[in-house]
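What you are looking at is a predicted structure, and each value in this text was computed from that prediction instead of being measured.
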Amino acid sequence: MKVLVIGSGGREHSIVAKLASSMQVTELYAAPGNGGMADLATCVPIDVTAVDDLIHFAKEEQIDWTFVGPEIPLLAGVVNAFQQENLNVFGPTKEAALIEGSKDYAKSFMRNHGIPTAASETFSDVEIAKAYIAQKGAPIVVKADGLAAGKGVVVAQTVEEAIDAVENMLVGNQFGQAGSLVVIEDFLEGKEFSLMAFVNGSNVFPLVPARDHKRVYDNDQGPNTGGMGAFAPIPDLEQTVIDDAISRILKPAAAGLVEEGRSFTGVLYAGLIETADGPKVIEFNARFGDPETQVILPLLENDLLQVMQDVTAGDDPKLSWKDAYATGTVIAASGYPGSYEKQLPIPDLTQLPTDVYCIHAGTENNAGKLVSNGGRVLFIGSVHHNRADAVKSVKKGLEIFKDDPNFHYRTDIGFGE
Ligand code: AMP
Ligand code: GLY
């Protein structure tokens, strides 16, 4: 079968790599793809939201299945458009993806369906928002309603910080339309984990949990990023907490979306926090997490294309997992998540140890030379039966970037914390 993957990040490189190992896949395409995928897939320069061009390409090339990676094309209605043309596509419609596209919608959805999450209110008026913050006190969390590439959340330690955040969003237009509504929610204390599931209607097939590291510096210091590394599974996460999250969060969410006429097919992502009262939702996403996918797919034993077909048909994909541990660290451009340069030369990746894998996130081929073209550039991962061995391999892999002033990375990922 011919398969098209829409997207260009590390998540999509991982999806392409996993699909490349499927016996059913004869040809792979990525739109637009990145510099690391070229060995596995034909990269076609079509933007992820150019719906008509994507459909034209899928018909012309007789693509059998399309996988949509990122949230932006999902919310732009790429899946709706493919379905209308009777093309096989894996991902939620834009109506179902609203669970990620609007935090205000997600919060009222959770309230209506009894899904545990922090108490919150939504505001469009800055003065009313400020009065609410003053009354609530800090710490408190301010979130832009719409998509903001993981940067629309401010965990404010003081009332002043929270007021600045709402002013930036509601008055300063920091995130444009995405910040014209703000959700202000109670601060929750606890360890975070990401639990995803393949979903079709009310069928829920959970994946192994993973932990993302969103802060830029070691020991979870500094500003939030798109994610600086991840590991899976999580050694200190009890099975009872996972079971609780499946039965009290993922299953009611899938059933609730069906009830609201927004039946979800694809990967539903719950960003969770383990509180003293059990797991609570920080956010829902309508897609695979990035960089969680880069550690979860290497542990999946099934053929991903078969899983897509089974889930879509309403069958149990019978997921099976390697008895192993995966961890990986993001190599970011200097300055990220602030301003950074592009076109940075990438060290010779053939020097990497043989027991690590390298996923490309922001790279491109420029006249035969591999250069960066984003803030998060590469992901160095390793899978081992034993956690210490996986961590050791990644550490060795990171050495080729150690003295390179163009890049930075965290050194504390994968220890199980
Ligand atoms: P999000 O983009 O919604 O995943 O939020 C980014 C990060 O902000 C999360 O990974 C958490 O670390 C933090 N965060 C978001 N909401 C809360 C909350 N209610 N309480 C504590 N931390 C939060
Ligand atoms: N890793 C968080 C996300 O994909 O949104």
**Q** Inspect the surroundings of CD in Gln62 and state if more than 12 heavy atoms from other residues, nucleotides or ligands are less than 6.0 Å away.
**A** no
**Q** Can you check side-chain contact (heavy atoms from CB on, under 4.5 Å) on Val141 and Val154, steps first, answer last?
**A** CA-CA 6 Å; Val141 183; Val154 176; over 6 Å; no
**Q** For the pair Asp290 (side chain) and Arg11 (backbone), establish whether a donor and an acceptor sit closer than 3.5 Å, ignoring hydrogens and angles.
**A** yes
**Q** Rounded to the nearest 0.5 Å, what separation is found between the CD atom of Glu192 and the NE2 atom of His213?
**A** 10.5 Å
**Q** Within a radius of less than 6.0 Å around CD of Glu85, do more than 12 heavy atoms belonging to other residues, nucleotides or ligands occur?
**A** yes
**Q** Taking Gln221 for the side chain and Tyr217 for the main chain, is one N or O donor matched with an acceptor at less than 3.5 Å?
**A** no
**Q** Show me the pairs that pass salt bridge (Lys or Arg N to Asp or Glu O under 4.0 Å) and involve residues 318-329, at least two apart or across chains.
**A** none
**Q** If only side-chain N and O atoms count, and only distance matters, is there a donor-acceptor pair under 3.5 Å linking Thr93 with Asn80?
**A** no
**Q** Would a distance-only check, ignoring hydrogens and angles, find a side-chain to backbone donor-acceptor pair under 3.5 Å from Asp220 to Arg215?
**A** no
**Q** What heavy-atom pair brings Ile359 and Ser14 nearest, and what distance separates the two atoms?
**A** CD1-OG, 3.6 Å
**Q** For the CD atom on Gln177, are there more than 12 heavy atoms of other groups (residues, nucleotides or ligands in this structure) within a distance under 6.0 Å?
**A** no
**Q** Between Ser372 and Gly374, is there a donor-acceptor pair closer than 3.5 Å when you use the side chain of the first and the backbone of the second?
**A** no
**Q** If we ignore angles and hydrogens, is there a donor and acceptor under 3.5 Å between the side chains of His13 and Gln294?
**A** no
**Q** In terms of ring plane angle, is the pair Tyr409 and Phe401 parallel, tilted or perpendicular, where the classes change at 30° and 60°?
**A** perpendicular
**Q** Which heavy-atom pair separates Val153 from Asn224 by the least distance, and what is that distance?
**A** O-ND2, 4.3 Å
**Q** Measure across Ala333 and Leu344 and return the closest heavy-atom pair with its distance rounded to 0.1 Å.
**A** CB-CD1, 3.9 Å
**Q** Look at the aromatic rings of Phe109 and Phe284 and report parallel, tilted or perpendicular, splitting at 30° and 60°.
**A** perpendicular
**Q** Applying side chain to side chain donor-acceptor pair (under 3.5 Å), which residue pairs with at least one partner in residues 36-52 are found, sequence neighbours left out?
**A** Asp47-Thr49
**Q** So does Ile72 have more than 12 non-hydrogen atoms from other groups sitting under 6.0 Å from CD1?
**A** no
**Q** Checking Asn88 side chain against Asp64 main chain: does a donor-acceptor pair fall under 3.5 Å?
**A** yes
**Q** Is the shortest side-chain heavy-atom distance between Ile184 and Ile140 below 4.5 Å?
**A** yes
**Q** Considering residues, nucleotides and ligands other than Glu238, do more than 12 of their heavy atoms fall under 6.0 Å from its CD?
**A** no
**Q** Report yes if some heavy atom in the side chain of Leu74 is under 4.5 Å from a heavy atom in the side chain of Pro92; otherwise report no.
**A** yes
**Q** Using a strict 4.0 Å threshold on nitrogen-to-oxygen distance, state whether Lys136 and Asp186 make a salt bridge.
**A** yes
**Q** Please report the interatomic distance CZ(Phe198) to CG(Leu268), rounded to the nearest 0.5 Å.
**A** 12.0 Å
**Q** Determine the minimum heavy-atom distance between Gly375 and Tyr336, stating which atoms define it.
**A** CA-CD1, 3.5 Å
**Q** Is there a side-chain contact between Gln83 and Val89 (heavy atoms, below 4.5 Å)?
**A** yes
**Q** If we ignore hydrogens and angles and just use 3.5 Å, is the side chain of Glu274 paired with the main-chain N or O of Gly190 as donor and acceptor?
**A** no
**Q** Working to the nearest 0.5 angstrom, can you tell me the gap between Leu319 CG and Phe205 CZ?
**A** 7.5 Å
**Q** Distance check, rounded to the nearest 0.5 Å: Cys43 atom SG versus Glu364 atom CD?
**A** 11.5 Å
**Q** Side chains of Ser393 and Asp355: is there a donor and an acceptor less than 3.5 Å apart?
**A** yes
**Q** Is there a donor-acceptor pair under 3.5 Å between the side chain of Asp412 and the backbone N or O of Asn219?
**A** yes
**Q** Which class fits the ring pair Phe57 and Tyr29: parallel under 30°, tilted 30 to 60°, perpendicular over 60°?
**A** perpendicular
**Q** Verify the neighbour count for atom CD of Gln135: are there more than 12 heavy atoms of other residues, nucleotides or ligands below 6.0 Å?
**A** yes
**Q** Any carboxylate oxygen within less than 4.0 angstrom of a Lys/Arg side-chain nitrogen, looking at Glu71 and Arg287?
**A** yes
**Q** Would Arg262 count as a cation-pi partner of Tyr105, with NZ or CZ less than 6.0 Å from the six-membered ring centre and within 45° of the ring normal?
**A** yes
**Q** Between Arg211 and Asp236, is the salt bridge (charged side-chain N to carboxylate O under 4.0 Å, His left out) condition met? List the steps.
**A** CA-CA 11 Å; Arg211 179 161 291 146; Asp236 65 359; 3.7 Å; yes
**Q** Is there a donor-acceptor contact under 3.5 Å from the side chain of Asn302 to the main chain of Ser320?
**A** yes
**Q** Mind running side-chain contact (heavy atoms from CB on, under 4.5 Å) on Asp310 and Asp316 for me, showing each step along the way?
**A** CA-CA 6 Å; Asp310 289 345; Asp316 183 344; over 6 Å; no
**Q** Answer yes if the ring centres of Tyr269 and Phe288 are under 6.0 angstrom apart, and no otherwise.
**A** no
**Q** For Lys107 and Thr117, which I'm curious about, is there any donor-acceptor pair between the side chains at under 3.5 Å?
**A** yes
**Q** Looking at Glu185 and Lys103, is there a salt bridge between them, counting it only when a charged N and a carboxylate O are closer than 4.0 Å?
**A** no
**Q** Do Pro233 and Leu299 make a side-chain contact, defined as non-hydrogen atoms from C-beta onward lying under 4.5 Å apart?
**A** yes
**Q** Below 30° counts as parallel, above 60° as perpendicular, anything between as tilted: where do the rings of Phe67 and Phe90 land?
**A** tilted
**Q** Testing Asn373, Leu349, Val377, Ile346 for side-chain contact (heavy atoms from CB on, under 4.5 Å) with His360, which one passes?
**A** Leu349
**Q** Determine whether a donor-acceptor pair (N or O, by modelled atom type, separation under 3.5 Å) exists between the side chain of Thr225 and the backbone of Val216.
**A** no
**Q** Let me confirm one number: the CD1-CG distance from Ile55 to Leu87, rounded to the nearest 0.5 Å.
**A** 6.0 Å
**Q** So, the side chain of Asp145 versus the backbone of Gly179: is there a donor-acceptor pair under 3.5 Å, distance only?
**A** no
**Q** As a quick check of understanding, evaluate salt bridge (charged side-chain N to carboxylate O under 4.0 Å, His left out) for Lys18 and Asp303, giving each step before the final call.
**A** CA-CA 8 Å; Lys18 182 69 185 159; Asp303 172 335; over 6 Å; no
**Q** Side chains of Ser194 and Asp212: do they bring a donor and an acceptor to under 3.5 Å?
**A** no
**Q** Rounded to the nearest 0.5 Å, how far does CE of Met169 lie from CZ of Phe175?
**A** 5.0 Å
**Q** Taking everything shown except Lys2 itself, do over 12 heavy atoms lie less than 6.0 Å from its NZ?
**A** yes
**Q** Any cation-pi pair here, Arg387 with Tyr325, using under 6.0 Å and within 45°?
**A** yes
**Q** Hey, is Glu127 close enough to Lys130 for a salt bridge, meaning N to O under 4.0 Å?
**A** yes
